[in-house]
There are 2 protein chains.
Amino acid sequence: MGEASQLTPKEDQMAAAADGTVGKALDVLEQVSGFGRPVRFSEVLSQSDLPKPTLYRFMQTLTNQRMLEYDPDRQTYAPGTRLVRLAHSAWSQSSLAQVAGDHLHALSEATGETVHLAKLDHAHVLYLDKRNAAQPVEMYSQAGKIGPAYCTGVGKVMLAFLPEDSAEVVMAQQSFHRYTEATLTSPSALRAEFPGIRENGYGFDREEHEPGIICIAVPILTEGHRLLGALSVTSTTDRTNLAGLEKQADRLKSTARAIATEAQAWSFPDHMTLKQTGP
Amino acid sequence: MGEASQLTPKEDQMAAAADGTVGKALDVLEQVSGFGRPVRFSEVLSQSDLPKPTLYRFMQTLTNQRMLEYDPDRQTYAPGTRLVRLAHSAWSQSSLAQVAGDHLHALSEATGETVHLAKLDHAHVLYLDKRNAAQPVEMYSQAGKIGPAYCTGVGKVMLAFLPEDSAEVVMAQQSFHRYTEATLTSPSALRAEFPGIRENGYGFDREEHEPGIICIAVPILTEGHRLLGALSVTSTTDRTNLAGLEKQADRLKSTARAIATEAQAWSFPDHMTLKQTGP
DNA sequence: GGTCCGAGTTCCAATATTTGAAACTTGGTT
DNA sequence: AACCAAGTTTCAAATATTGGAACTCGGACC
């Protein structure tokens, strides 16, 4: 059992709770990945509650399967590149990410600010895409990155539009680190914001995660009110303020609606022959 | 078995084939991902040789583990976003990708062309990074994307610098589709290029994959001559020719050497704060 | 040179898990 | 109402996983 690991919120007792051998193997993968750097077998062993031969076999299997990669020079394991390939496939099949691309671009052009597309993963916010007004697309520099749910615009908005019991479960898993003065550090503080967010249809990040950084976020909902993700426009207190961001609310909402509609209608046009291209 | 297998000896035909339950589960994941679009359970079933309940349980497990995602509206499965998260971790831990970033940028600035970083994954070329010049080439490739090994600059160069038996194994797995007039469509045609590539230390793509697209590529090798990946500069026949690209050979080689050195020296200066950014 | 030590690896019988034929449920169609 | 296909559950038999213990290997330290 690990002690305080670096960024993981409360380790979810039931979620990671292995279903079967596959679950345990994936736990090992997650653990290696969680180190954030290549690790020796013994390092993983000391953090794992699996017996030595069992862990050893899992790591062998995962390495065989290229989910882990072994560096023979350093004798370390790191998450394997098969993951990168699979993730590319996952990302390009995500109707949300695919459909949203153009909308994000348009939004960042129109506002001149950075735009994020995110969804809820486990108990974290997972960023699916990001557009800077000036810069072109960056792939995994930002896509795939995770952030806290309780102190980001997208996170709070998604919580507010989640079924109440689900939201409670997610909130129970937050670590509530106080990043700034403004960070909300309890479920009740969060809960208090929800009615307002639900009524307006948007929410703010009031420098709750980083000083000087503010944002406005809206949920992306299906017609059946199922939560698909969220959208945000970020700026700094140097350039604008909450009232300024609020002016973008309608544009954000209609973009989110458009994305939701297209994502649902998206019947996978086969024009993306996932055949290989490039030199 | 149990021989020291450095790079997939011969088991590779059945490569994905079973290592135990975990292997089978990952096969299922790969299969779903291979569809390239969300799929129904029965579609997977008809393409799998697993019995119905077995496949069913695997897909349940994978869904529980968020390696797959189930769309209740459409009743389809697609690769899950947990993969995107894990891949982000894999990518950011890949010393190659991390270390190469600045070099790629410099190279694309200096040459004004598109630069690719790739490694060998299974029998494919897997692109780890790409930098566009100001005027990007008409082409689509990004991190996580795979391409053929036998008709790309990076692929051929990597094959040439692989131990002979490994190269043969990889070549035996190529499909040798004739993309263009110039495509090499047999192991022997490939083999004939290797001595030249090894002697020069670089290789070309002579419009073998896409008409009008040419490139020069060099391998990235450790001091112990272990193959880490490859690097390429791509252009079009409109803008230059092979002789023109060849002028970049020395710059490419020294960049590759620098990347290799840094990648090996990279002892993980704990830049691992993993601090989450973005609202 | 020998001995000790810890990391990594293999063995193998006890045990818990996976397995899949068959039966059942669900939702849509004739 | 009867039918069919897709998806889900059951349960004993078959099999894979498990982990204590013993072994190998290479380096550190007398």
Side-chain angles (χ1 to χ4, degrees), chain A residues 1-2 14 16-32 35 37-65 67-78 80 224 267, chain B residues 1-9 11 14-32 35 37-65 67-78 80 224 267-268:
Chain A
M1 40 194 307
M14 46 162 275
D19 32 359
T21 312
V22 175
K24 289 181 217 164
L26 291 176
D27 280 353
V28 172
L29 179 60
E30 194 76 49
Q31 211 165 143
V32 172
F35 272 89
R37 61 180 173 81
V39 277
R40 277 205 150 68
F41 169 71
S42 52
E43 297 184 82
V44 182
L45 180 60
S46 67
Q47 253 215 19
S48 166
D49 39 23
L50 294 171
K52 189 161 37 159
T54 303
L55 180 66
Y56 178 70
R57 255 180 287 105
F58 274 133
M59 292 183 68
Q60 287 237 118
T61 302
L62 289 169
T63 304
N64 273 342
Q65 297 289 332
M67 300 299 277
L68 286 180
E69 237 157 65
Y70 182 70
D71 180 335
D73 293 349
R74 295 154 184 263
Q75 304 189 164
T76 54
Y77 294 85
S267 51
Chain B
M1 309 133 287
E3 308 172 333
S5 62
Q6 5 197 341
L7 226 261
T8 28
E11 304 268 341
M14 328 198 52
D19 311 67
T21 312
V22 175
K24 289 180 215 162
L26 291 175
D27 280 354
V28 172
L29 178 60
E30 194 77 47
Q31 213 165 140
V32 172
F35 271 89
R37 61 180 172 80
V39 278
R40 281 199 136 73
F41 168 72
S42 53
E43 296 184 83
V44 183
L45 179 61
S46 68
Q47 214 206 252
S48 166
D49 39 21
L50 294 171
K52 194 169 22 166
T54 303
L55 180 65
Y56 177 71
R57 257 179 286 104
F58 274 134
M59 292 184 68
Q60 287 238 118
T61 303
L62 289 169
T63 304
N64 272 341
Q65 297 290 332
M67 300 299 277
L68 286 179
E69 237 157 65
Y70 182 69
D71 180 335
D73 293 350
R74 295 156 185 263
Q75 304 191 160
T76 55
Y77 294 85
S267 50
F268 251 87

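All values derive from a computational prediction rather than experimental measurement.
- Between B/Asp49 atom CG and C/dG20 atom P the separation is 10 Å, expressed in whole Å.
- Side-chain N/O atoms of A/Ser42 include none lying less than 4.0 angstrom from OP1 or OP2 on C/dG6.
- Here A/Thr21 does not reach the OP1 or OP2 of D/dA16: none of its side-chain N or O atoms lies under 4.0 Å away.
- Judged by distance alone, with hydrogens and angles left aside, A/Arg57 brings a side-chain donor or acceptor within reach of the base of D/dG19, the pair sitting under 3.5 Å.
- Side chain of B/Tyr56, nearest nucleotide from C/dG8, D/dT8, C/dC11: D/dT8.
- Computed from coordinates, the B/Leu50 CG to C/dT18 C1' distance equals 12 Å when rounded to whole Å.
- Between A/Gln60 atom CD and D/dT18 atom P there is a gap of 14 Å when expressed in whole angstrom units.
- The aromatic rings of A/Tyr77 and A/Tyr70 are tilted relative to each other, their planes meeting at an angle between 30° and 60°.
- Regarding B/Arg40, its CZ atom lies at a distance of 11 Å from the P atom of D/dT8, rounded to whole Å.
- Atoms CG (B/Leu55) and C1' (D/dG7) sit 11 Å apart, rounded to a whole Å.
- Both A/Val22 and A/Tyr77 lie close to DNA chain C; mapped to their nearest nucleotides by heavy-atom distance, the more 5′-ward contact belongs to A/Tyr77.
- If you measure from atom CD of A/Glu43 to atom P of C/dA7, you get 11 Å, rounded to the nearest angstrom.
- Residue B/Pro51 is in sugar-phosphate contact alone, with no base atom involved, counting any heavy-atom pair closer than 4.0 Å across all strands shown.
- Computed from coordinates, the B/Phe41 CZ to D/dT9 P distance equals 12 Å when rounded to whole Å.
- Put simply, the side chain of B/Lys52 and the base of D/dG7 share a donor and an acceptor less than 3.5 Å apart.
- In this structure, A/Asp27 atom CG and D/dT18 atom C1' are separated by 16 Å, rounded to whole Å.
- For B/Arg40 against B/Thr76, the heavy-atom pair with the smallest separation is N-CG2, 4.3 Å.
- The A/Gln75 side chain lies nearest to C/dG8 when the options are D/dG7, D/dT8, C/dG8.
- Of the inter-residue distances, the one linking A/Gln31 atom CD with A/Asp27 atom CG reads 7.5 Å to the nearest 0.5 angstrom.
- A/Ser48 places no side-chain N or O within 3.5 Å of a backbone atom of A/Leu45 that could act as its donor or acceptor partner.
- At the heavy-atom level, B/Thr54 lies under 4.0 Å from base atoms of the strands shown.
- Rounding to the nearest 0.5 Å gives a distance of 5.5 Å between CZ of B/Phe58 and OG1 of B/Thr21.
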